[in-house]
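Just below is one structure, and these are the notes that go with it.
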Amino acid sequence: MRIALLAMAAAGALVAGAVQAQDVLKTKGCLGCHEMDKKKVGPAFKDVAAKYKGNKDAEAMLVSKIKEGKGHAKIAASDDELKAAVGAALSAK
């Protein structure tokens with residue numbers, strides 16, 4: 001019973017995180033240049049995920065690029081928001 005409750009709580013946290021990431025992608029303008037599965041102005045998130053698959057430093061590197069505006073438009077967002085957006089991009093399929 002205890003394990004089932006923990007599993008349900010973990011699943012709820014994952015769903016809440018996904019919703020937050022989608023909100024960040026919308027509110028910070030990411031979807032103006034990117035789509036999940038098609039190249040727009042910038043690469044599709046699924047292509048970004050494929051490029052960095054297995055790269056343990058990808059999240060930190062991409063957050064830094066977006067935060068500093070190096071190789072990507074500078075986005076005014078908190079570190080948590082940037083991590084959520086990058087996490088969504090890196091988990092795209």
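All values reported here derive from a predicted model rather than from experimental measurement. As a basis for the values below, the full set of heavy atoms in this structure was taken, side chains included, without hydrogen atoms, waters or symmetry mates. Residues: numbered from 1 along the sequence shown.
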Exercise. If only atom types and distance count, is the side chain of Glu81 paired as donor or acceptor with the main-chain N or O of Ser78 below 3.5 Å?
Worked result: yes
For this session: Would you check if Glu59 and Tyr52 make a side-chain contact, meaning some heavy-atom pair closer than 4.5 Å?
Result: no
Exercise. Val24 and Cys30: which non-hydrogen atoms are nearest, and at how many Å?
Worked result: O-SG, 4.5 Å
For this session: For the residue pair Met36 and Leu25, establish whether any side-chain heavy-atom pair is separated by less than 4.5 Å.
Result: yes
For this session: For Lys51, enumerate each residue passing the salt bridge (Lys or Arg N to Asp or Glu O under 4.0 Å) test, keeping only those at least two apart in sequence or located in another chain.
Result: none
Exercise. Any side chain to side chain donor-acceptor pair (under 3.5 Å) pairs touching residues 24-50, not counting sequence neighbours?
Worked result: none
Seminar exercise, completed: Note: Val86 and Leu62 closest approach over all heavy atoms is CG1-CB, 3.9 Å
Problem set entry | Sequence-distant partners of Asp79, salt bridge (Lys or Arg N to Asp or Glu O under 4.0 Å), two or more places apart | Lys67
For this session: Calculate, to the nearest 0.5 Å, the distance between atoms OG and CG belonging to Ser64 and Leu82 respectively.
Result: 10.0 Å
For this session: Taking all non-hydrogen atoms of both residues into account, name the closest pair between Ala49 and Leu90 and its distance.
Result: CB-O, 3.3 Å
